[in-house]
Amino acid sequence: MTARTLYEKVWQSHVVRDYDDGTSLLYIDRHLVQEVSSPQAFAGLIEQNRALARPSAHISVADHAVPTRDRHLPLAEGLAARQVERLIENCTRFGIDYITMTDDRHGIVHVIGPELGFTLPGATLVCGDSHTSTHGAFGAIAFGIGASECECVFATQTLRQRKQKTMRVTLNGALQPGVAVKDIILALIAKIGTHGGVGYAIEYAGTAIATLSMEARMTLCNMSIEAGSRVGMVAPDETTFSYLKGRPLAPAGEAWEAALAHWQTLPSEPDAVFDKEVDLDVAALSPHVSWGTNPGETSPVSERVPDPADQSDPVRRTKMERSLAYMDLKPGMPLEEIDVDHVFIGSCTNGRLEDMRIAASVVKGRKVAPTVTAIAVPGSASVRKQAESEGLDRIFIDAGFEWRASGCSMCVAMNDDRLKPGERCASTSNRNFEGRQGQGGRTHLMSPAMAAAAAIAGHLIDVRKLEPTT
Amino acid sequence: MQKFTKITSPAAALREADVDTDVIFPARFLLLLDKAGLGKHLFHERRHRRDGTRTDFVLNTPPFDQAEILVAGANFGSGSSREQAVWALTDFGIRCVIAPSFGEIFYSNCFKNGALPLVIQGDAHERVMLAAESGKPITVDLETQTVELPDGEVIGLDIDPYRRRTLMLGLDEIGSILADDADEIAAFEARLRASQPWLFLDDGRLERLFADTRAR
Ligand code: SF4
């Protein structure tokens with residue numbers, strides 16, 4: 001048998017049948033259900049009078065539309081309240097466990113899946129949300145699906161899929177101080193483009209991976225979709241196993257031993273062949289920021305806003321001109337001279353404990369610039385609680401940040417946390433699309449350390465240049 | 001699902017790469033609970049000024065406000081998995097998007113809703129774009145797998161046979177999986193349960209974790 005990759009092993013162990021057109025029926029172990037992509041899927045089930053194939057394969061939470069303030073109060077009348085209500089009704093009707101907004105298990109789907117041990121190596125996991133790629137950090141095949149596919153998983157526990165090609169991204173070297181895994185993924189997207197990964201399942205490998213925490217690996221896999229890949233994976237190792245051990249939904253006792261023995265067989269074999277190979281020297285990286293309206297329009301912060309006139313490809317040039325017009329930036333302007341009005345630290349990309357710790361270490365003993373409104377939004381109630389037990393909330397609040405409750409918040413601006421037209425934000429989220437953080441708002445993507453530094457300086461700045469605190 | 005066989009229509013030209021799903025369907029409208037009626041929010045920011053008046057965006061401009069075809073640049077529909085992007089397109093009346101490449105989740109969402117995303121690249125794509133800009137009708141025929149331009153040029157297509165059949169017959173995919181594959185799924189599930197039992201949470205783990213909320 002030919003040497004197999006991690007992706008191929010998990011894929012093959014979940015194929016129910018192959019069809020003669022080259023597609024396969026893939027068995028889905030786990031499904032995370034949220035309020036935005038599920039109402040129409042449930043409506044389809046109800047309309048067709050169909051039951052859930054396996055209720056214990058799903059857990060549910062409302063994360064996109066929930067407010068991050070005054071969580072003890074009932075939701076104000078309106079669309080968001082109706083959407084959350086609908087989710088609760090549907091979960092009750094179909095027997096799916098639902099986590100309320102005030103529950104200490106609450107959080108963004110992609111933060112709580114791993115926290116609860118719902119996400120496991122070797123599993124197939126889906127959610128009606130493109131950042132489901134996050135869970136691939138555990139060696140799962142995890143991918144975002146549309147509402148119709150959610151309905152299919154509800155009813156059949158399967159999806160008809162075509163196997164992806166495989167791409168290995170080899171990350172070698174050690175990150176320099178002040179440089180984060182966010183800079184790796186931004187640099188990778190700038191290198192291969194927002195379409196570079198379409199059709200591929202990415203596996204991140206190389207010497208840098210072994211040194212990365214599960215949190216950092218999740219950041220990496222999370223933004224695979226921003227390179228076009230539905231799937232981003234890391235082979236499970238000791239870091240993975242020690243993260244999972246003792247989590248409430250992880251196997252325990254003998255089952256843990258059996259699972260562990262299986263998980264250890266999952267990594268790609270040394271002579272496995274990938275359809276595409278990309279290398280990135282991690283040691284050479286410096287902090288990155290995005291300047292355009294997709295995550296590929298990113299540069300080292302030491303550089304200047306690029307000039308569309310230097311772009312030879314006419315399609316790229318037009319896109320760049322449009323991006324700069326939307327972002328209200330002039331070619332040649334140093335990126336570090338861009339002033340920001342808002343700073344957002346949070347999201348499923350960078351809303352975990354490690355991110356909060358890093359951001360807090362930057363703002364500690366400093367003050368947010370008077371021109372800036374800064375919010376720190378933990379990705380889950382558990383992150384919030386742990387951060388508070390370490391006193392991080394005090395550090396943020398003393399510096400002038402607002403300390404909020406868990407949710408997607410200003411990553412997607414479906415609740416009250418949003419930019420006004422023309423406002424500019426340094427954000428640790430994953431998308432800088434037009435209007436993403438509010439109609440007419442402008443987003444610069446960066447790491448938690450860089451966003452924290454921007455809050456202090458009032459403009460984009462290399463975090464390594466901040467004046468030392470006295 | 002609505003069948004797709006052949007359409008003839010003026011095509012709206014959107015000469016732009018990387019049109020993401022946030023542009024196609026802004027996030028704040030994701031709070032709506034139904035599929036129907038989303039067309040009015042399609043490309044909302046491009047079609048409306050902040051004061052509510054309408055822009056001269058192509059889909060506001062006759063005859064393209066009636067277009068059933070949209071011709072766009074590379075990487076159309078990248079970003080979020082929101083199927084609302086497709087529901088908004090089809091509700092508006094657009095059944096076919098032609099682009100050199102697509103965001104993967106958007107691409108697969110189209111087929112679930114009777115819409116056809118067509119990959120046409122290179123010079124042929126430019127000729128389709130020019131034809132769209134001329135305002136003359138273009139024909140997309142799934143039966144013969146061709147696109148016919150107003151000057152008579154016929155471009156041959158290569159469409160995934162399963163997806164083509166699904167669109168042409170308006171098949172209900174879930175229904176056919178349940179009808180044809182239920183036994184195989186059950187047998188597979190039993191095998192998986194035997195080999196990787198920890199993947200199944202009905203062994204008490206889920207019940208223990210949610211004992212408090214289930215009791216309520
Ligand atoms: S934090 Fe942002 S990217 Fe993540 S799930 Fe929420 S809206 Fe999507």
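Computed from a prediction, not measured in an experiment: that's the story for all the values here.
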Q | When A:Thr293, A:Asn294, A:Thr194 are compared by non-hydrogen pairs under 4.5 Å with chain B, the top option | A | A:Thr194
**Q.** Residues of residues 170-178 of chain B near chain A, each having a heavy atom less than 4.5 Å away
**A.** B:Asp172, B:Glu173, B:Ile174, B:Gly175, B:Ile177, B:Leu178
Q: Please look at A:Glu151 and chain B and tell me whether the side chain, the backbone, both or neither of the residue comes under 4.5 angstrom of a heavy atom of that chain.
A: both
Q | Contact origin within A:Ala258 toward chain B - heavy atom pairs under 4.5 Å | A | both
Q | Most chain B-contacting option - heavy-atom pairs closer than 4.5 Å, from A:Asn415, A:Val84, A:Val15, A:Thr132 | A | A:Val15
Q) For B:Ser108, is it the side chain, the backbone, both or neither that has a heavy atom under 4.5 Å from a heavy atom of chain A? A) side chain
Q. What part of B:Asn75 lies closer than 4.5 angstrom to a heavy atom of chain A: side chain, backbone, both or neither?
A. both
Q) For chain A, which of B:Pro26, B:Ser80, B:Ala27, B:Pro197 has the most heavy-atom pairs under 4.5 Å? A) B:Ser80
(Q) Tell me which of these, A:Leu120, A:Thr318, A:Thr158, has more heavy-atom pairs under 4.5 Å with chain B than the rest. (A) A:Thr158
**Q.** Toward chain A, the part of B:Arg163 with a non-hydrogen atom under 4.5 Å
**A.** neither
Q: Check whether A:His64 gets within reach of chain B through its side chain, its backbone, both or neither, counting any heavy atom under 4.5 Å.
A: neither
**Q.** Check: B:Thr213 and A:Asp103 side chains under 4.5 Å, non-hydrogen atoms
**A.** yes
Q.
Within this structure, what is the CD-CZ distance for the pair B:Glu104 and A:Phe143, rounded to the nearest 0.5 Å?
A. 10.0 Å
Q | A:Arg30 side-chain N/O to B:Leu199 backbone N/O, donor-acceptor pair under 3.5 Å | A | yes
Q: Determine whether B:Phe210 and A:Ile99 make a side-chain contact, defined as any pair of heavy atoms from C-beta on separated by less than 4.5 Å.
A: yes
Q. Under a 4.5 Å cut-off applied to non-hydrogen side-chain atoms, are A:Asp29 and B:Leu192 in contact?
A. yes
Q: Please list all pairs passing the salt bridge (charged side-chain N to carboxylate O under 4.0 Å, His left out) test where one or both residues lie in residues 115-129 of chain B, with sequence neighbours left out.
A: B:Arg15-B:Glu126, B:Arg127-B:Glu153
Q.
I'd like to verify something: which residue of A:Pro39, A:Ala259, A:Gly144, A:Pro248 has the highest number of heavy-atom pairs under 4.5 Å with chain B?
A. A:Ala259
Q: List the steps and the verdict of side chain to side chain contact (heavy atoms under 4.5 Å, CB included) for B:Leu206 and A:His58.
A: CA-CA 10 Å; B:Leu206 206 56; A:His58 320 265; over 6 Å; no
**Q.** Within-4.5 Å side-chain heavy-atom neighbours: B:Arg214 and A:Asp97
**A.** yes
Q: Measure from the side-chain N and O atoms of A:Arg431 to the backbone N and O of B:Gly79, and report whether any donor-acceptor pair falls under 3.5 Å.
A: yes
Q.
Does any backbone or side-chain atom of A:Gln164 lie under 4.5 Å from a heavy atom of chain B? Answer side chain, backbone, both or neither.
A. side chain
Q.
Between B:Asp20 and A:Arg436, does the salt bridge (charged side-chain N to carboxylate O under 4.0 Å, His left out) criterion hold? Intermediate values first, please.
A. CA-CA 10 Å; B:Asp20 58 69; A:Arg436 173 75 180 187; over 6 Å; no
Q: Drop me the distance from A:Tyr27's OH to B:Glu184's CD, to the nearest 0.5 angstrom.
A: 14.0 Å
Q: Count the heavy-atom pairs under 4.5 Å between each of A:Glu434, A:Arg322, A:Arg418 and chain B, then report the option with the highest count.
A: A:Arg322
Q. Is B:Arg82 close to A:Val36 at the side-chain level, that is, under 4.5 Å between some pair of heavy atoms?
A. no
Q. Once the angle between the rings of B:Tyr162 and A:Tyr19 is folded into 0 to 90°, is it parallel (under 30°), tilted (30 to 60°) or perpendicular (over 60°)?
A. parallel
Q | Atom group of A:Leu159 that falls short of 4.5 Å from chain B, counting heavy atoms | A | neither
Q) What part of B:Glu16 gets closer than 4.5 Å to chain A, counting heavy atoms only: side chain, backbone, both or neither? A) side chain
Q. Is it the backbone or the side chain of A:Ser37 that comes under 4.5 Å from a heavy atom of chain B, or both, or neither?
A. neither
Q | Test side chain to side chain contact (heavy atoms under 4.5 Å, CB included) applied to A:Glu149 and B:Asn109, step by step | A | CA-CA 8 Å; A:Glu149 290 174 309; B:Asn109 284 342; 4.1 Å; yes
**Q.** Heavy-atom check, side chain of B:Phe200 versus side chain of A:Arg54, under 4.5 Å
**A.** yes
Q. How would you list, in number order, the residues of residues 30-42 of chain B that have a heavy atom less than 4.5 Å from chain A?
A. B:Leu30, B:Leu31, B:Leu32, B:Leu33, B:Asp34, B:Lys35
Q. Does A:Val198 reach the side chain of B:Tyr107, with side-chain heavy atoms less than 4.5 Å apart?
A. no
Q) Is there a donor-acceptor pair closer than 3.5 Å between any side-chain N or O of A:Arg105 and the backbone N or O of B:Leu209? A) yes
**Q.** Contacting moiety of B:Asp203, where chain A heavy atoms sit under 4.5 Å
**A.** neither
Q: Report yes if some heavy atom in the side chain of B:Ile105 is under 4.5 Å from a heavy atom in the side chain of A:Ile145; otherwise report no.
A: no
Q) What option among A:Gly435, A:Cys152, A:Gly438, A:Ser130 has the most heavy-atom pairs under 4.5 Å with chain B? A) A:Ser130
Q) Which of residues 91-102 of chain B have a heavy atom under 4.5 Å from any heavy atom of chain A? A) B:Ser101, B:Phe102
Q: Please check if atom CG in A:Asp20 has more than 12 non-hydrogen atoms from other residues, nucleotides or ligands closer than 6.0 Å.
A: no
Q) Can any side-chain N or O of B:Glu83 pair as donor or acceptor with the backbone N or O of A:Ala147 at less than 3.5 Å? A) yes
Q: Kindly give the heavy-atom pair with the smallest separation between A:Ser13 and B:Phe188, and that separation in Å.
A: O-CZ, 3.3 Å
